[in-house]
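These notes are about the structure you will find just below.
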Amino acid sequence: MYQEIILDHYRSPHGAGLREPFDAESFQINPTCGDEITLRVKLDGDTVSDVSYETLGCSISQASASVLTDLVVGRSVEESMRVLTAFQEMAQGRGQVEPDEDVLGDGVAFAGVARYPARVKCALLGWMAFKDAVVRAPAADEKEHIDG
Amino acid sequence: MYQEIILDHYRSPHGAGLREPFDAESFQINPTCGDEITLRVKLDGDTVSDVSYETLGCSISQASASVLTDLVVGRSVEESMRVLTAFQEMAQGRGQVEPDEDVLGDGVAFAGVARYPARVKCALLGWMAFKDAVVRAPAADEKEHIDG
Amino acid sequence: MTALVEAPDVTAIRGDFPILSRTVRGGRPLVYLDSGATSQRPRQVLDAERSFLEQHNAAVHRGAHQLAEEATDAYESARARIAAFVGADPGEVVFVKNATEGVNLVAYAMSNAGVRTGLGPESERFALGPGDEIVITELEHHANLVPWQELCRRTGATLRWYSVTPDGRVDLDSIELSERTKLVAFAHQSNVLGTVLPVAELVRRAKAVGALTLLDACQSVPHMPVHFGNLGVDFAVFSGHKMLGPSGVGVLYGRAELLDAMPPFLTGGSMIELVRLEGSTYAPPPQRFEAGVPMTSQAVGLGAAVDYLTGIGMDVVHAQEARLTEATLAGLAGIPGVRVVGPTTMVDRGGAVAFVVEGVHAHDVGQVLDDRGVAVRVGHHCAWPLHRKFGVAATARASFHVYNTLDEVEALVEGVRAAREFFGVS
Amino acid sequence: MTALVEAPDVTAIRGDFPILSRTVRGGRPLVYLDSGATSQRPRQVLDAERSFLEQHNAAVHRGAHQLAEEATDAYESARARIAAFVGADPGEVVFVKNATEGVNLVAYAMSNAGVRTGLGPESERFALGPGDEIVITELEHHANLVPWQELCRRTGATLRWYSVTPDGRVDLDSIELSERTKLVAFAHQSNVLGTVLPVAELVRRAKAVGALTLLDACQSVPHMPVHFGNLGVDFAVFSGHKMLGPSGVGVLYGRAELLDAMPPFLTGGSMIELVRLEGSTYAPPPQRFEAGVPMTSQAVGLGAAVDYLTGIGMDVVHAQEARLTEATLAGLAGIPGVRVVGPTTMVDRGGAVAFVVEGVHAHDVGQVLDDRGVAVRVGHHCAWPLHRKFGVAATARASFHVYNTLDEVEALVEGVRAAREFFGVS
Ligand SMILES: Cc1ncc(COP(=O)(O)O)c(C=O)c1O
Ligand SMILES: Cc1ncc(COP(=O)(O)O)c(C=O)c1O
């Protein structure tokens, strides 16, 4: 399960820390173990321009958040949701789903986690926070409205 | 279980029906089957002078009430309680308690019931009503007080 | 109808049930006609539980080690198969210890909803108070009666009931529902009369006034194909032990949207989201309603029972029981002084046959039968108001499952004759 | 103390537990150190349940036929043996599905007592309202915390708690009880810290203000000799699955006089005296608190578990676990960066050892152990406020039963070393 890529992300997480400005923040918790993540999303029009986060969690949840930032920052919201779906399908696939490296990049390293159901939630914690934050982010037109 | 003596008492119960005067009445119900008895006691000083009853119940509970009247009417309250204890010990004795015919008379026919735990309550229903009624009956001195 | 579905191989089925080959009362073969109280269990169910316990046992939804994962998988797989069996989604199936707990769960969640502190607006639809009504029927088992009496005691609401007609049907004209009716709770099939209730019509009437519905499916799920989704009920309950499964496990079904909005009942571990000493938040359903370490191996056993029943086919089970019921009704009709309490034809009727024998108390009928090895239940069968309605303190009741035979029905009928003879009423 | 009691024949004992000889994660022998979550079951318990189901299964307290009598006898005999095991009378033992239900039972009975309609004056002592207090401790399992939060939500009473000291003891000076304290609920032994609480002193203080006491004995009854009568508590709860018995069964103990006066919780069949549609009366305890068909075979299995434990001797069990705990504390003390959360000596301490490894999250420690076949639990172990108090989100916890060995402790200690190496913190 502990692929070298996962351990690398865990030791040197990408995009860690909470940054301003942001459009929405999500706090997620894993009730079975108490692990937490606070994650912020900044959108630029339809593009995810920044994801910043603070986590209190295991290597899997930390590395997964790190990979998440690599995979979604710079993408459109729609594209990032496709990546999220692919990641989720792989993680919940019980080792039966063949991950697509073109879509998931370093994320494919988490394929092994799928065989440890208790850890799937760890791998998804950041992604659930991302999804939630995107939903909470004011839509582009609303935002102009607020900004203006 | 159905000794001939039990069937005789069931077919021709002794002392059945509710009579006046009485000192106390008890209503008992068997919650598992809904069987009921209403039983009245008349005391004459320290002596049980009458027991009358109405039952809605099976052959065992009816025959047992019939045997009860035979065994306690004319006895002192104290003696009748001794009979009651002996009857109860036999009924709850799971067939291990040798009944004393001198004390229990026709009551010994119920020894077989002790091997059918679900029917023990049937055999005891009337006796519990008798015990309760005796407890409720005003003590001799109170009674004079009330009567006077 | 009985002719359309092929008969099961009852001999083979009986071979799966070790207890059915034992003898009672001095060597008489056991004739078990008390499956309405509790059914017996096939080897397949016993084996499933045992192999779970010898191979995979661990606390579910709690551990990260391999056994804990395997145990959780077995538990959730059972939930999914049980859900499919009754036309529900897995998230709509809450494991409870028995149907009684399931009814209490809804009744307590409703009074809990009335204590608004700390709850969101979504729970408001479950709250009730003075002037509101809970409606049941006169034929309910105590499990679907006393919890509602207690809910009314706690909230000041009023309990009302549809009465029962002399032929054992629910009289739909006996009361009118109103806007104040919050919930209508009723049996799918009476455990005494055998009557199958008009679920669609009762649901229609409840919906028309905006009331919730709760179906007591204790005597239907074990005996016929049942699809809660299609029936359109909001809640339903049933017990494992009546459907060839373990005791200590039952199911509360609730429509997803309702479980989602409903406040919890039992609280403790595994049903929480976030716990602080100052206050806690709750997990989503079904976990919200499953506090503490659950009846794990029992859920696995119930999953195996559902597989076993599916293997036979619930239509086959139902047809077999119909054959037995029809034969019982015919056999008893041939004995003078025997009165069946409940429908005497097979129209909207399942396999519980309660009866009284003129001049012989139900206990005595049961005893004579028991001495011949025939096990039936005697008493009020936890439906005391219904017995009062029919003017009897107690009835004898024969009830069936797919393992029973026409020979056993014959033994019952012969035994009833013998009881009349013994007590000299023939 | 460990020296005074002879060691059990653990090899023979392990032979009774089929699951302990299985392998995990690619052929590694299972090292099961998660008995604090749920224990494993010996053949004797599995056989007792199975032979009950193959020979005597029927609905208890309901039928008059032979099977029903035998089933009732088996069920009540189990109750009597379990009662004797914990120093109680049979009538003081109520079967519940798990300890969580037991705590909820008392909490709901108390709010039910506050609804005075239809209740007698004897239930008044259980009623509470605004201004009244429920007192717990900061180390409680959610099962002995959330139900009291909910009781307070329902009644307007206030929840207060004894805090925990940095060395994992209850700080008896942290709060004062008052005349308004209605109930003090506390664990006998912490499921995280292993701390054994000063029951006598807590009971003395509660009694001094007229408060009731409830003991969460989930982690004591399975591991040491316990006598509720001598402890002087009013109520106590424990679960079957933690004491080599089945899941789906637990016990609420209540002093006879209290159970007698307490209003019911779950209602339905078998707990009633008289039922009319207009209202019902309740049966005496313990039946009053056992609505519906109970977990029959599970009670029988728990009876067998108690016989099994008695056969070994609870002092022997306790001494064996003390040996294991001592070795674990010593082993972990030898690893840099490992901090035990809870007492580090054997004084007033039982066999749950929670720890954190600096630089390695508990989940990761657990995973490395699991890959080596060592099953421990990771997380907050349903004691979230306690973890918060110690400033950690999660710990790893090793916990034992009589079937564990010193070699298994060694495997744990080696595994923790390996986790540090793997994550590069050594
Ligand atoms: C101290 C303590 N209390 C209560 C419980 C709850 O027990 P159960 O989940 O069996 O209801 C547990 C175990 O989970 C425990 O360790
Ligand atoms: C119609 C009906 N409802 C409810 C129940 C209660 O089921 P349980 O005792 O398993 O909770 C029963 C059986 O006893 C029943 O027949």
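Per chain, numbering begins at 1; letters A, B, ... match sequence-line order. All heavy atoms count here, side chains included; hydrogens, waters and symmetry mates do not.
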### Message
Please check: side-chain N/O of D:Arg43 versus main-chain N/O of D:Pro18, any donor-acceptor pairing under 3.5 Å?
### Response
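Side chain of D:Arg43 to backbone of D:Pro18: no pair is present.
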
### Message
Centroid separation under 6.0 Å, is that true for the rings of C:Tyr32 and C:Phe17?
### Response
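Not under 6.0 Å, so no.
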
### Query
For the rings on C:Phe265 and D:Phe265, is their centre-to-centre separation under 6.0 Å?
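Centroid distance C:Phe265-D:Phe265: below 6.0 Å, so yes.
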
Taking the side chain as C-beta and beyond, is there a heavy-atom pair between [X] and [Y] under 4.5 Å?
| X | Y | answer |
| --- | --- | --- |
| D:Leu139 | D:Lys389 | no |
| D:His381 | D:His387 | yes |
| D:Asn144 | D:Val237 | no |

Output the option from [options] having the highest count of non-hydrogen pairs under 4.5 Å with chain D.
| options | result |
| --- | --- |
| C:Ala291, C:Ala37, C:Cys382, C:Gly366 | C:Ala291 |
| C:Val376, C:Leu20, C:Val24 | C:Val24 |
| C:Gln298, C:His56, C:His363, C:Glu138 | C:Gln298 |
| C:Gln367, C:Met295, C:Lys97 | C:Lys97 |
| C:Thr100, C:Val275, C:Leu266 | C:Val275 |
| C:Asn104, C:Val374, C:Val378, C:Thr38 | C:Asn104 |

Name the region of [X], side chain, backbone, both or neither, that has any atom closer than 4.5 Å to a heavy atom of chain D.
| X | answer |
| --- | --- |
| C:Leu277 | both |
| C:Leu67 | side chain |
| C:Gln149 | side chain |
| C:Glu70 | side chain |
| C:Arg153 | both |
| C:Glu150 | side chain |
| C:Arg50 | side chain |

### Query
Does any donor atom in the side chain of D:Thr72 or D:Glu69 lie under 3.5 Å from an acceptor atom in the other side chain?
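Absent: no donor and acceptor within the cut-off.
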
### Task
Identify, with sequence neighbours excluded, every residue that meets side-chain contact (heavy atoms from CB on, under 4.5 Å) alongside D:Ala157.
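With neighbours one apart ignored, the set is D:Leu128, D:Asp132, D:Cys152, D:Thr155.
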
#### Entry: Check ion pair C:Arg41-C:Glu49 (N to O, under 4.0 angstrom)
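Salt bridge flag = no for C:Glu49 with C:Arg41.
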
